[in-house]
Amino acid sequence: MLTVAVLALDGVIPFDLSTPIEVFNRTRLPDGRPAYRVRVCGLGGPVDSGAFHLTPPWGLDALADADTIIIPGCADPAAPVPPRVLGALRSAAADGTRIASICAGAFVLAATGLLDGQRATTHWLATKRLAEAYPEVEVDPDVLYVDNGQFLTSAGAAAGLDLCLHLIRRDHGSAVAADAARLSVMPLEREGGQAQFIVHDQPPTPRGSELEPVLKWMQDNADRALSLDDIAEQAGMSCRTLNRRFREQTGTTPLQWLLRARIRQAQYLLEATDHSVERIAGQAGFGSSTAFRDRFKKIVGTSPHAYRAAFQSSEAR
């Protein structure tokens, strides 16, 4: 039987804490025996989770005996990590223990230095913050989880389930993992990454800037086959000047700004209507349904069909 130690620190997010406890505790081997023993570990004394307090029955010394350590996220990712925790995690890593984080737990793992030079992820709202705080870590904002072998990280909330199921499959094979997935009412593998959950707002329009009129015109005419020359003519600028002004005021190019506007329009239509993908491709300004599918999957991380299945409102069905 393998041992999973779940680290509970002050501010621990209850969902992140409960996910590995439930998933690993309920996992059974083909002969019915438990696959894991789960220990909730802490610094000693009560832990404030916001909604309630809990007292972990195990201390940090239990991390040394674990096969896997899970670090749930905490409400304040910027909170300093107690030196004793950092030391215990580094010591466990030196002994070869596998360490995985859920959501903002990546900040704790990154604070140890164990993620330096490796890919990692966290909740999409915090990926930029993680990259800024730990520039030696290669942060990937689009995936549900990253497996570097000994060190693993996952995106927010439900991605912790994906990570736990992945660990079970690594330990005991697909059949045991599939059974654990059924108990969690989860697919063993979800299509796409967390890019599909990121809210792609309409590209910002700088208020009062000289570009505001042309940006509004581009948004209103996004369904047309607009070229850079068309946009420059509407703006009354040369293509070179237009590109420079866009870089200065929006941080991107005119055609990339237009692509983002089209993708957001397509997301809205997939969510709110029952129009065919081919029709939406035309409504959003893509030259063909093939080009639309390719661009959509590259930016959103999943296909238009899968996006609609996940996010279409009940009224549109």
Side-chain angles (χ1 to χ4, degrees), residues 119 121 123-125 127-128 131 138-146 155-156 159 162 187 189-206 211-212 214-235 239-240 242-313 316-317:
R119 284 177 66 234
T121 194
H123 192 289
W124 62 269
L125 282 172
T127 51
K128 182 179 179 181
E138 181 188 343
V139 180
D140 188 338
D142 296 332
V143 294
L144 293 174
Y145 60 82
V146 174
D162 296 285
E189 289 188 11
R190 285 194 286 165
E191 181 176 351
Q194 68 167 330
Q196 63 188 301
F197 302 101
I198 298 173
V199 178
H200 293 278
D201 293 328
Q202 292 287 6
T205 302
L211 288 183
E212 184 175 356
V214 73
L215 291 175
K216 185 177 186 306
W217 177 83
M218 289 168 65
Q219 192 164 304
D220 292 343
N221 292 274
D223 60 326
R224 294 174 49 196
L226 299 177
S227 67
L228 184 60
D229 288 335
D230 294 330
I231 300 170
E233 181 180 355
Q234 178 68 26
C239 291
R240 183 175 180 179
L242 180 69
N243 271 321
R244 186 175 71 252
R245 298 286 169 80
F246 256 79
R247 286 288 187 189
E248 293 170 351
Q249 298 183 33
T250 71
T252 189
T253 67
L255 295 181
Q256 284 299 314
W257 194 96
L258 180 62
L259 176 60
R260 286 182 58 199
R262 286 171 169 166
I263 289 293
R264 185 64 196 99
Q265 175 66 6
Q267 287 178 302
Y268 167 75
L269 292 170
L270 289 166
E271 295 167 10
T273 75
D274 61 357
H275 297 171
S276 69
V277 169
E278 288 73 18
R279 180 177 175 183
I280 289 174
Q283 290 175 304
F286 292 91
S288 69
S289 58
T290 299
F292 169 52
R293 288 185 174 94
D294 290 344
R295 292 294 184 89
F296 191 92
K297 187 161 188 177
K298 182 176 180 181
I299 292 175
V300 182
T302 190
S303 68
H305 177 78
Y307 183 89
R308 166 172 274 167
F311 296 105
Q312 187 179 54
S313 66
R317 294 192 179 103

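Heavy-atom basis, side chains included; hydrogens, waters and symmetry copies ignored. Keep in mind that this is a model prediction, so the values were computed, not measured.
Separating the CG atom in L258 from the CZ atom in R224 is a distance of 11.0 Å, to the nearest 0.5 Å. Within the model, atoms CH2 of W257 and CG of L215 stand 4.5 Å from one another, a figure rounded to the nearest 0.5 Å. Going from atom CG of D294 over to atom OG of S288 covers 8.0 Å, rounded to the nearest 0.5 Å. Expressed to the nearest 0.5 Å, how far CZ of R244 lies from OG1 of T253 amounts to 15.0 Å. Separation of atoms CG (D162) and CG (L144) is listed at 5.0 Å; rounding is to 0.5 Å.
Without hydrogens or angle criteria, R308 side chain to T273 main chain gives a donor-acceptor distance under 3.5 Å. Side-chain atoms of T121 come within 3.5 Å of backbone atoms of D140 as a donor-acceptor pair (strictly under, hydrogens ignored).
Between L242 and I231, the shortest heavy-atom distance links the atoms CD2-CG2, 3.6 Å. Here the shortest heavy-atom pairing between P254 and N243 reads CD-OD1, 3.0 Å. Across C239 and D229, no two heavy atoms sit closer than the pair SG-OD1, 3.0 Å. Residues W124 and P141 share a closest heavy-atom pair of CB-O, 4.5 Å. Across every non-hydrogen atom of D223 and D220, the tightest pair is OD1-O, 4.1 Å. Annotation for A281 and S289: closest pair CB-CA, 3.9 Å, computed over non-hydrogen atoms.
Remark: E233 CD is loosely packed, at most 12 non-hydrogen atoms of other residues, nucleotides or ligands lying under 6.0 Å away.
In this structure, the side chains of R293 and P304 come closer than 4.5 Å at one or more pairs of heavy atoms. Looking only at side-chain heavy atoms (C-beta outward), F286 and L259 come within less than 4.5 Å of each other. The shortest distance between side-chain heavy atoms of F296 and R262 does not fall below 4.5 Å. Within the 4.5 Å cutoff, no side-chain heavy atoms of K297 are placed close to those of T302. Inter-residue side-chain proximity for L255 and F246 is flagged as unmet; no heavy-atom pair is nearer than 4.5 Å. Using a 4.5 Å cut-off on side-chain heavy atoms (C-beta onward), V214 and R245 make no contact.
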